[in-house]
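Note on naming: letters A, B, ... go to the chains in the order of the sequence lines (proteins, then strands), and numbering restarts at 1 for each one.
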Number of protein chains: 2
Amino acid sequence: MAKTPTLEDVATRAGVSTATVSRCLNQPDVVVEETRARVMEAVEALGYAPNFSARALVAKRTQTIGAVIPTMENAIFAEGIQAFQDVLQAERYMLLVASSGYDPAAEAEAVRTLIARGADGILLIGLDRDPAVYDLLATQSVPAVVAWAFASGGPVPSVGFDNAASMRALVAQGVRLGHKRVAMISGRTEGNDRARARVEGATAALRAAGLPDLVVEEADYATGAAADALDRLLDRVPDVTLVVCGNDVLAAGAMQRAHALGLSVPGQLSVTGFDDLGLARLVQPALTTVRVPHKTMGEAAARALLAAVDGQATESLLLPTELCLRDSLAAPKS
Amino acid sequence: MAKTPTLEDVATRAGVSTATVSRCLNQPDVVVEETRARVMEAVEALGYAPNFSARALVAKRTQTIGAVIPTMENAIFAEGIQAFQDVLQAERYMLLVASSGYDPAAEAEAVRTLIARGADGILLIGLDRDPAVYDLLATQSVPAVVAWAFASGGPVPSVGFDNAASMRALVAQGVRLGHKRVAMISGRTEGNDRARARVEGATAALRAAGLPDLVVEEADYATGAAADALDRLLDRVPDVTLVVCGNDVLAAGAMQRAHALGLSVPGQLSVTGFDDLGLARLVQPALTTVRVPHKTMGEAAARALLAAVDGQATESLLLPTELCLRDSLAAPKS
DNA sequence: CCCGGTCTTGTAAGCGCTTACATCACGCAT
DNA sequence: ATGCGTGATGTAAGCGCTTACAAGACCGGG
């Protein structure tokens, strides 16, 4: 194994000092053309690549951003994270990922690890977490931004959308169409402010319309779980005409079970989703849902975080969502 | 901002040398109980956390694994990567991700960056790439493993499945059911050995059965693109009875277009996918496809890579796939 | 022809950590 | 008593890089 060449090797070969080589790489303009050419030739010849650890040690900058994601399996995060990563890559930063599996303790631990590794900034998902995490971030002065949720004036800036208002608008649309008995299949709400906000939004819409309270069943992020939740809901609210779901995956599962039970959608039962995954258009009938600007959000979060790393003040950013009215929601029959 | 405490701060507070503190942290057993207690107390009090860059600089180990993924948006990678990452995290390694967007040059660049950052090992997707990448890996002696494809005896070990054989088995099943005119919607094959292998597998199955050659249309990884590809295929092969697709997303797109054209599936046209994403069960009719053990593969790849980092010899691992016979494939009408 | 300014390059001091080696204290065999 | 092995701790040399500061080269103006 050929030992990796060091700055010194390059310097020797080019007949200059290590300082000059370093300058060629970092501030080319201060080095005179001829010298630079000689150095660059040596760099090429040796296949030199700077050692990041050494550089980070003195520069106190790792060019690394950390992200703690519940899980990458979830398509909801995958797209946004990809966009986030694209921006980072373009700015010569790298992404260090950790996943929490929706466990607050694991998340806190991951943040600690990321800080110890010298992450220049950290991306967090959602607002729900141990305040100690924010304290840690503050005392270590590691900038962070929260995405997938929005709250102005929180401990760290957020880039996201209003989960509650979006769901409220969707349910209000259902109410406008004449639905009176509405139920919801929600994702797990414990430690998940996004899921909770969606439930709250739906509740608020019903309350504002003076309709009976929302009946909620929680389900794991899986179509099978959603299908079973639909059974329980049908049991508890036999006259339900609209089932709103916390996300598209749950909606797809619920719709599938509805079909299996011989219930036509939207004829006998309307079903809605949230997120507007590709999935939403592929199921029959196409899902009425809420479109979330995942890509925009990921990019904006990256920009915000990079700005913060750069020492610039960062504002929270509220992104708009959009109702996607498709076929799974229609006026109730009766 | 409170400057992060260093080893020296801890040493001073505990009244010992930095060497002793370092030993307490790395080889606690060589330090006498009483001293260790004093040191640990100081560590706690100061909230000390070792500086990774400094440690990496001297230890020449970063406890970091790099992965170059075409894109995380693709559900196919998301699940496997998550499993990969879970194993890493359990072994106290972190994952540094880069994406190539299916561009070989970008991939090579990413590998270079990852090496410069001192990644202890690198995960690569698929076999297709500039041989220079393997050379680089070899000269820098950075272990790597390839996943999502399989080739024994390649430059680096692989953990994956046989794309060609799997597709061949699927098409053979179609042939068995009586299909004679078969066409394929493939993902882009340029620089993508997985896509190419799937085409080859389908071709081989037809040839073995003495049937007319496979007609292929390529499409980007999107349902709309697949739908358009179906149009072209129908144009080229009006009497086609089975359209096999390179993956489930393409299949879903093709099926959707078939419905829009008034073609019943599988009545007038059979359609198959590949990967068995959750999607496959949600579309109508449920997709006949090939199940790929993404999770197992991700985990196995992580174990193999970690073993290689540890200096152990690593064998390639071929994982089995499984035909998922569902409703979108049936015997042709005529 | 000398002086000071400008521009380029070299010198060397760390950054925080690990680790080979030196040192020291102790206790036991001789 | 002397010497030596043993185990605990300290000393100090880097790891590869950046960067303040010093040094030298060269220029034009007085």
A:Leu88 and its side chain to side chain contact (heavy atoms under 4.5 Å, CB included) partner, picked from A:Leu306, A:Leu123, A:Thr64, A:Leu305
A:Leu306

Which of these nucleotides, D:dA12, D:dT19, D:dG16, is closest to any side-chain atom of B:Thr18?
D:dA12

If you only use heavy atoms from C-beta on, which nucleotide in D:dC17, C:dC17, C:dT9 is closest to the side chain of B:Thr6?
C:dC17

Nearest-Å distance for atom pair [atom1]/[atom2], residues [X] and [N]:
{"X": "B:Glu34", "N": "C:dA25", "atom1": "CD", "atom2": "C1'", "value": "15 Å"}
{"X": "B:Gln63", "N": "C:dC17", "atom1": "CD", "atom2": "P", "value": "16 Å"}
{"X": "A:Arg23", "N": "D:dT18", "atom1": "CZ", "atom2": "P", "value": "11 Å"}
{"X": "B:Tyr48", "N": "C:dG16", "atom1": "OH", "atom2": "P", "value": "10 Å"}
{"X": "A:Arg117", "N": "C:dC17", "atom1": "CZ", "atom2": "P", "value": "15 Å"}
{"X": "B:Asp29", "N": "D:dG7", "atom1": "CG", "atom2": "P", "value": "13 Å"}
{"X": "A:Glu8", "N": "C:dA12", "atom1": "CD", "atom2": "P", "value": "13 Å"}
{"X": "A:Leu7", "N": "D:dT18", "atom1": "CG", "atom2": "C1'", "value": "9 Å"}

Can a side chain N or O of [X] be found less than 4.0 Å away from OP1 or OP2 on [N]?
{"X": "A:Lys60", "N": "C:dG16", "result": "yes"}
{"X": "B:Thr20", "N": "D:dT9", "result": "no"}
{"X": "B:Thr35", "N": "D:dT9", "result": "yes"}
{"X": "B:Ser17", "N": "D:dT9", "result": "no"}
{"X": "A:Arg55", "N": "D:dG16", "result": "no"}
{"X": "B:Asn26", "N": "C:dT18", "result": "yes"}

Reading DNA chain C from 5' onward, which residue's closest nucleotide shows up sooner: B:Leu57 or B:Gln27?
B:Leu57

Sugar-phosphate only, base, or nothing, as touched by [X] at under 4.0 Å among non-hydrogen atoms:
{"X": "B:Val32", "value": "sugar-phosphate"}
{"X": "B:Ser53", "value": "nothing"}
{"X": "B:Ala59", "value": "nothing"}
{"X": "A:Phe52", "value": "nothing"}

What I want to find out is whether A:Arg188 reaches A:Asp103 closely enough, with some N-O distance under 4.0 Å, to be called a salt bridge.
no

Counting only heavy atoms not in B:Glu315, do more than 12 fall under 6.0 Å of its CD?
no

Does A:Gln312 CD have over 12 foreign heavy atoms under 6.0 Å away?
yes

Toward the 5' end of DNA chain D, by each residue's nearest nucleotide, B:Arg38 or B:Ala54:
B:Arg38

Would you say the side-chain atoms of A:Tyr134 and A:Arg129 include a donor-acceptor pair closer than 3.5 Å?
yes

Does A:Arg38 reach the main-chain N or O of A:Ala14 with its side chain, forming a donor-acceptor pair under 3.5 Å?
yes

